[in-house]
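Take a look at the structure set out below.
Within every chain, numbering begins at 1; the chains are lettered A, B, ... in the order of the sequence lines, protein sequences first and strands thereafter. The structure presented is a predicted model; accordingly, all values stated were derived computationally and were not measured.
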Number of protein chains: 2
Amino acid sequence: MKILIADDDPQILRALRITLTAQGYEIVTATTGTQAITRAVDHRPDVFMIDLGMPELEGIDVIHAIRGWSEAPILVVSGRSGAADKVEALDAGADDYVTKPFSIEELLARIRALTRRVAHEDSDPVVQLGDVTVDLSAHSVTRTRGGETEHVRLTPTEWQMLERLVRNPGKLVTRQTLLTEIWGSEHVSDTGYLRLYVAQLRRKLEPDPAVPRYLITEAGMGYRFDPDGGPVEPARETAHEA
Amino acid sequence: MKILIADDDPQILRALRITLTAQGYEIVTATTGTQAITRAVDHRPDVFMIDLGMPELEGIDVIHAIRGWSEAPILVVSGRSGAADKVEALDAGADDYVTKPFSIEELLARIRALTRRVAHEDSDPVVQLGDVTVDLSAHSVTRTRGGETEHVRLTPTEWQMLERLVRNPGKLVTRQTLLTEIWGSEHVSDTGYLRLYVAQLRRKLEPDPAVPRYLITEAGMGYRFDPDGGPVEPARETAHEA
DNA sequence: CGGGCGCCGTATGGATCCCGTAAGAACGGG
DNA sequence: CCCGTTCTTACGGGATCCATACGGCGCCCG
């Protein structure tokens with residue numbers, strides 16, 4: 001997420017750069033109106049923070065210029081607190097207006113509110129197991145067969161186990177961990193739950209349940225989810241390499 | 001353009017109603033949190049103006065509830081000017097925060113800024129469930145049978161539930177989520193509400209209520225709306241078939 | 001080299017919980 | 001006071017979960 005900050009006060013610029021960088025934003029700064037436009041065209045920021053009282057070009061004109069080609073949110077930061085200034089800026093195309101001095105926490109929250117609408121493409125944890133798609137956020141499992149998608153129904157316990165495995169791709173999940181996290185801390189002795197539900201999951205998810213490629217069992221330790229699907233032909237000899 | 005104003009001060013309500021009506025807006029008012037949610041579901045406003053200090057239900061909870069099914073802009077109007085309150089409201093899903101007393105001109109400008117963004121978005125929430133059409137924006141359900149269209153009446157609670165499900169197509173909606181968002185955060189134990197209203201919805205919407213194809217129940221977890229209508233042949237238990 | 005043992009996969013049956021349905025009471029607005 | 005909505009209660013059916021049993025496989029050990 002890239003933010004362009006246009007302010008003629010270098011001290012404010014420095015402070016904001018430090019704070020916003022710490023929040024994970026990428027910062028581009030400008031000290032004049034013309035520079036703001038130039039850098040905006042150059043860097044294509046996702047959010048604008050624009051001060052009104054800049055030399056060379058008024059902030060209002062900068063807003064107009066930006067709105068000529070960008071839909072990105074514009075947050076105006078200004079020392080003027082009059083209603084007329086706010087109305088003018090907002091009607092020019094700004095999305096929010098904050099007066100100096102402002103709380104940095106509030107500013108961050110307003111930036112989050114503005115970017116929330118633009119950046120709803122937060123990567124959904126979606127995992128592919130051959131022709132089966134697992135969407136953890138939607139709690140849905142679908143199998144695509146010949147262009148047709150059909151839903152695969154999972155019981156709550158099956159979900160619990162699948163979630164534990166998929167959220168740790170490639171890593172071993174101890175039998176102990178699964179038992180205590182799903183059935184409670186008092187369960188330590190394996191009475192056969194795991195084998196049961198792993199079998200059930202494989203039957204519903206694996207292309208060939210008899211030859212597991214994604215839900216791998218580590219004998220004596222636990223289970224592991226292999227996101228790559230393992231080898232296609234497991235019957236060969238892959239003995240000693242380096 | 002319809003605006004819902006939720007405030008416990010009837011005097012403010014009256015003043016805002018006059019001013020905003022003069023601007024060409026359609027106004028819906030509410031004086032309590034629960035009433036705000038009810039009327040929101042009922043009238044589907046394009047913008048929300050919510051006061052924080054309302055009885056029955058905190059403004060924050062109202063914001064959460066609205067965000068459960070609506071993307072409409074939320075403007076918080078509050079007497080509290082602390083940064084913490086602002087951060088909390090904005091992070092809960094609000095788009096703007098204005099402190100009382102406020103300039104009416106500024107308020108109008110902020111509303112214009114918020115609605116400007118919505119006008120560009122073009123999600124037309126119309127869903128088909130067999131021969132039944134659900135128009136979320138128009139707040140209407142019609143069944144077309146042999147060229148003839150008849151109106152289907154839904155109670156407010158039925159709408160609440162249908163909204164939650166249809167707004168999240170394909171995604172599982174937890175029983176917990178439905179309970180807390182529709183009946184309040186104090187409800188956690190299922191006393192049978194959900195089964196009741198889901199049955200009611202199925203009776204009114206499903207082509208064959210005995211074999212649900214759109215309002216799918218996920219045993220032990222919640223419910224899910226399947227926009228594709230699922231398979232014609234309901235999936236049997238996973239045995240050993242090709 | 002062979003047997004014993006432990007671990008894993010699979011199948012089956014019963015106990016329990018959850019879901020769908022219905023009928024009736026309580027509540028609130030017109 | 002009537003009517004629509006919401007809530008309570010109860011019951012039958014089905015799904016889920018759990019316990020048990022059996023066969024296969026690899027590993028350790030004799």
Side-chain angles (χ1 to χ4, degrees), chain A residues 151-162 172-176 178-179 182-184 186-206 208-224 234-235, chain B residues 32 34-35 37-39 41-42 56 151-162 165 172-176 178-179 182-184 186-206 208-224 234-241:
Chain A
H151 249 90
V152 179
R153 296 193 49 190
L154 263 59
T155 70
T157 310
E158 289 165 7
W159 261 111
Q160 298 254 356
M161 183 161 304
L162 181 62
L172 171 78
V173 182
T174 316
R175 203 166 43 207
Q176 187 84 12
L178 290 169
L179 279 172
I182 298 178
W183 282 276
E186 64 273 10
H187 290 75
V188 278
S189 60
D190 178 11
T191 61
Y193 309 144
L194 297 177
R195 288 177 288 163
L196 246 153
Y197 285 102
V198 167
Q200 198 76 354
L201 280 178
R202 286 210 258 248
R203 193 183 312 175
K204 292 184 178 180
L205 304 180
E206 289 276 359
D208 183 4
V211 186
R213 290 171 49 191
Y214 298 97
L215 272 38
I216 310 299
T217 151
E218 300 282 354
M221 298 189 283
Y223 292 92
R224 179 172 54 85
Chain B
T32 69
T34 52
Q35 192 184 38
I37 295 176
T38 304
R39 301 224 164 154
V41 172
D42 221 25
E56 285 190 31
H151 195 75
V152 178
R153 271 176 51 85
L154 292 185
T155 69
T157 310
E158 288 165 8
W159 265 111
Q160 298 242 10
M161 184 160 302
L162 183 61
L165 293 173
L172 173 82
V173 183
T174 314
R175 205 167 42 207
Q176 188 86 11
L178 290 169
L179 279 172
I182 298 178
W183 282 277
E186 64 274 9
H187 289 76
V188 278
S189 59
D190 179 10
T191 60
Y193 309 141
L194 297 178
R195 287 176 289 165
L196 242 142
Y197 285 101
V198 167
Q200 199 76 356
L201 281 178
R202 286 209 257 248
R203 195 176 309 166
K204 293 183 178 180
L205 304 180
E206 289 276 359
D208 183 3
V211 186
R213 289 173 50 191
Y214 298 96
L215 271 39
I216 310 299
T217 152
E218 300 280 356
M221 298 189 285
Y223 293 91
R224 178 171 53 83
R236 254 351 205 155
E237 183 45 32
T238 61
H240 50 287
E241 70 270 15

- Task: Start with the C-alpha gap between A/Trp159 and B/Met221, add the side-chain angles, then the distance that decides, and say whether side-chain contact (heavy atoms from CB on, under 4.5 Å) holds.
- Result: CA-CA 10 Å; A/Trp159 261 111; B/Met221 298 189 285; 3.5 Å; yes
Testing the basics here: between [X] and [Y], what is the closest heavy-atom pair and its distance to 0.1 Å?
X: B/Lys204; Y: B/Leu154; result: CD-CD2, 3.4 Å
X: B/Ala210; Y: B/Pro212; result: O-CD, 3.4 Å
X: A/Arg175; Y: A/Gly220; result: NH2-O, 4.0 Å

- Item | Short side-chain N/O contact from A/Trp183 to OP1 or OP2 of D/dC17, under 4.0 Å |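 Checking D/dC17 against A/Trp183, no side-chain N or O comes under 4.0 Å of OP1 or OP2.
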- Query: Between the two ends of the helix from C/dC1-D/dG30 to C/dG30-D/dC1, what is the bend in degrees, rounded to 10 degrees, where each end axis spans five pairs?
  - Reply: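 Roughly 30°, once rounded to the nearest ten degrees.
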- Going by heavy atoms in the side chains, are A/Arg224 and A/Val173 under 4.5 Å from each other?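 The answer is no, as the side chains (C-beta and beyond) never meet within the 4.5 Å cut-off.
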- With a 4.5 Å heavy-atom cut-off, do A/Leu162 and A/Leu205 have their side chains touching?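 Heavy-atom side-chain distance check passes, below 4.5 Å.
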How many Å lie between [atom1] on [X] and [atom2] on [N], as a whole number?
X: A/Gln200; N: D/dC17; atom1: CD; atom2: C1'; result: 11 Å
X: A/Leu201; N: D/dC17; atom1: CG; atom2: P; result: 11 Å
X: A/Met161; N: D/dC17; atom1: CE; atom2: C1'; result: 12 Å
X: A/Gln176; N: C/dC7; atom1: CD; atom2: P; result: 14 Å

- Query: Side chain of B/Glu158, backbone of B/Thr155: donor and acceptor closer than 3.5 Å?
  - Reply: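 Side chain of B/Glu158 to backbone of B/Thr155: a pair is present.
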- Item | CA sep, side-chain torsions, deciding dist, call: B/Asp208, B/Arg213, side-chain contact (heavy atoms from CB on, under 4.5 Å) | CA-CA 8 Å; B/Asp208 183 3; B/Arg213 289 173 50 191; over 6 Å; no
- Task: State which residues pass side chain to side chain contact (heavy atoms under 4.5 Å, CB included) with A/Leu215; sequence neighbours excluded, sorted by chain then number.
- Result: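 Here the qualifying residues are A/Leu129, A/Leu165, A/Leu201, A/Arg202, A/Glu206, A/Phe225.
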- Task: Show your reasoning for whether side-chain contact (heavy atoms from CB on, under 4.5 Å) applies to A/Val198 and A/Thr217.
- Result: CA-CA 9 Å; A/Val198 167; A/Thr217 151; over 6 Å; no
- Message: B/Tyr193: which residues meet the ring-ring contact (aromatic ring centres under 6.0 Å, His included) condition with it, sequence neighbours left out?
- Response: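 Here the qualifying residues are B/Trp183.
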Show each protein N/O and nucleotides 24-29 of chain D N/O combination with a separation under 3.5 Å, one pair to a line.
none

- Note on the structure: Once base and sugar-phosphate atoms are separated, protein heavy atoms under 4.0 Å mark nucleotides 14-30 of chain C, 5' to 3', with B, S and - as ----SBBBS--------
With the criterion being N/O to N/O and under 3.5 Å, what pairs connect the protein with nucleotides 3-5 of chain D, and how long is each?
residue, atom, partner, partner atom, Å
D/dT5, OP1, B/Arg153, NH2, 2.8

- Message: Checking B/Leu194 against B/Met161 for the side-chain contact (heavy atoms from CB on, under 4.5 Å) test, could you report, in this order, the C-alpha distance in whole Å, the side-chain angles of both residues, the deciding distance, and whether it holds?
- Response: CA-CA 9 Å; B/Leu194 297 178; B/Met161 184 160 302; 3.6 Å; yes
